[in-house]
Protein chains: 2
Amino acid sequence: MTPKARDLLQKQERSASVVGFEEAVVDFFVDAADLLGVPKSVAVLYGIVFASPQPLSFAEIQARGTLSKGSVSQGLRVLREMGAIKEVSAPADRSELFTPDLEMRRLIQRFLEQRLEKQLAAGKSRLGALQRALPDLEKSHAETLRSRLEQLQSWHEKARALLPIARTFLKLAPG
Amino acid sequence: MTPKARDLLQKQERSASVVGFEEAVVDFFVDAADLLGVPKSVAVLYGIVFASPQPLSFAEIQARGTLSKGSVSQGLRVLREMGAIKEVSAPADRSELFTPDLEMRRLIQRFLEQRLEKQLAAGKSRLGALQRALPDLEKSHAETLRSRLEQLQSWHEKARALLPIARTFLKLAPG
DNA sequence: CGCCACGTTCAACAAAAATTGAACGGATAT
DNA sequence: ATATCCGTTCAATTTTTGTTGAACGTGGCG
């Protein structure tokens with residue numbers, strides 16, 4: 001296959017409706033990006049892959065023209081590590097093709113565990129430090145502050161308790 | 001009251017233990033800051049106010065030396081708007097003093113509503129656009145894509161359903 | 001009234017995060 | 001072997017976000 005032929009293949013006309021759909025999907029994920037704390041480029045990538053009926057090659061993705069080669073490479077790696085996309089081997093060509101992997105559900109679950117669990121762990125040790133700092137305070141102050149600290153602790157426990165609930169909940173129904 | 005006298009008052013010795021406690025509280029909130037999506041300076045401010053047994057004046061807060069006048073001013077405004085702190089009038093002096101306002105619970109609740117609700121609303125309209133883009137696609141493609149779209153919708157509904165649950169849950173128990 | 005203390009605003013600055021592209025390395029075809 | 005195609009890496013750059021401080025009101029006090 002000559003370079004030229006491959007080039008044509010990559011640029012194969014995508015109908016306006018397909019392009020429109022892709023753009024809408026990309027927008028959707030870009031919106032969601034900051035909630036999930038991922039850079040925009042990663043959201044764009046995922047949108048492109050998610051919106052494609054067939055698996056896409058690196059070249060095809062890059063050909064969308066939104067992102068530089070470097071960003072595509074890094075972004076795909078991030079998505080693979082997150083389990084958001086996977087590689088499938090192409091029948092004809094040797095190059096790998098990308099397609100969405102885990103369902104939303106698992107992705108979100110993983111997100112919850114990683115981001116929130118870490119946060120909670122950090123919080124816990126901070127609270128320990130506070131606990132320890134408390135006894136040295138004068139009486140008058142200690143009272144108010146102890147109650148504030150309790151607020152923090154109570155909040156922390158609730159957050160921890162909520163997590164498994166959310167987990168369970170997200171398992172319900174197909175998705 | 002001469003400036004000098006006031007100055008002394010502001011710098012009144014805070015015992016090492018009080019300072020230590022404050023630092024620990026500040027650290028706690030700084031940690032939490034990025035989860036909540038607020039800038040560090042705001043977290044620091046809230047920590048300072050939260051860790052203080054008495055309400056603090058603008059000058060006292062600034063005297064902690066961590067933040068510039070501008071940041072203190074802006075940050076206090078943000079916190080007031082969030083309902084995280086409130087002003088109480090000082091008995092002696094005319095200047096206003098700051099103290100924590102809403103309990104954690106309400107703050108978090110508000111946070112959930114503002115950040116997530118907005119997100120969900122945006123998502124909803126995006127999904128509408130996708131819905132509309134779908135019918136124009138060819139058969140072969142439409143099948144896969146329709147199913148992907150359904151995934152998105154299902155996810156969206158679940159998130160929406162989870163919100164009230166979280167709300168209820170956070171109301172349980174004092175805090 | 002004019003001065004001063006107190007806060008606010010906002011344009012300049014600094015820090016952090018994301019993006020790019022040029023240099024590199026490994027695999028395949030010639 | 002050598003050339004070439006693909007993709008990765010990473011330092012430089014751009015963009016975004018947060019912070020600062022100087023200039024500017026505002027209200028109280030002499």
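Naming convention: chains lettered A, B, ... in sequence-line order (proteins, then strands); numbering from 1 in each chain.
Under the side chain to side chain contact (heavy atoms under 4.5 Å, CB included) criterion, Ala43(B) pairs with Phe29(B), Val30(B), Ala33(B), not counting sequence neighbours. Evaluation of the salt bridge (charged side-chain N to carboxylate O under 4.0 Å, His left out) rule for Arg126(A) yields Asp27(B), Asp31(B) as partners, not counting sequence neighbours. Partners of Arg115(B) according to the salt bridge (charged side-chain N to carboxylate O under 4.0 Å, His left out) rule, which considers only residues two or more places apart in sequence or in another chain, do not exist here. By the salt bridge (charged side-chain N to carboxylate O under 4.0 Å, His left out) test, Arg80(B) is found to be paired with Glu87(B), residues two or more places apart in sequence or in another chain being considered. Lys124(B) pairs by the side chain to side chain contact (heavy atoms under 4.5 Å, CB included) definition with His156(B), not counting sequence neighbours. The side chain to side chain donor-acceptor pair (under 3.5 Å) test applied to Asp34(B) returns no partner, not counting sequence neighbours. For Arg132(B), the side chain to side chain contact (heavy atoms under 4.5 Å, CB included) partners at least two apart in sequence or on another chain are Ala129(B). With sequence neighbours excluded, the residues forming a salt bridge (charged side-chain N to carboxylate O under 4.0 Å, His left out) with Arg160(B) are Glu117(B), listed by chain and number.
With rounding to the nearest 0.5 Å, the separation of CD1 in Ile85(B) from CG in Leu97(B) is 11.0 Å. Rounding to the nearest 0.5 Å gives a distance of 12.5 Å between OH of Tyr46(A) and CG of Leu76(A). A distance of 12.0 Å separates NZ in Lys158(B) from CD1 in Ile165(B), rounded to the nearest 0.5 Å.
Under 4.0 Å is where a charged nitrogen must lie from a carboxylate oxygen, and between Arg77(A) and Glu81(A) at least one such pair does.
The stretch residues 23-47 of chain B comes close to DNA chain D through Pro39(B), Lys40(B), Ser41(B), each having a heavy atom under 4.0 Å from the strand. The stretch residues 65-81 of chain A touches DNA chain D through Lys69(A), Gly70(A), Ser73(A), Gln74(A), Arg77(A), Arg80(A), each having a heavy atom under 4.0 angstrom from the strand.
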Revision key, fill the gap. Expected string for nucleotides 12-17 of chain D under the B/S/- scheme (protein heavy atoms, under 4.0 Å, primed atoms plus P, OP1, OP2 as sugar-phosphate) is ------
Practice item. Treat primed atoms plus P, OP1 and OP2 as sugar-phosphate and everything else as base, then score nucleotides 12-17 of chain C 5' to 3': B for base contact with protein heavy atoms under 4.0 Å, S for sugar-phosphate contact only, - for none. Key: ------
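For the pair Arg64(A) CZ and dT19(C) P, the computed distance is 18 Å after rounding to whole Å. Nucleotide dC6(D) holds its P atom 14 Å from the CZ atom of Phe98(A), rounded to whole Å. Protein atom CG of Leu97(A) is 13 Å distant from nucleotide atom P of dC6(D), rounded to whole Å. Put simply, CD on Gln62(A) is 15 Å from P on dT19(C), counting in whole angstrom units.
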Review point. Should Leu127(A) and Leu149(A) be marked as a side chain to side chain contact (heavy atoms under 4.5 Å, CB included) after you check the CA-CA gap, both sets of side-chain angles, and the distance that decides it?
Key: CA-CA 8 Å; Leu127(A) 286 176; Leu149(A) 176 52; 4.0 Å; yes
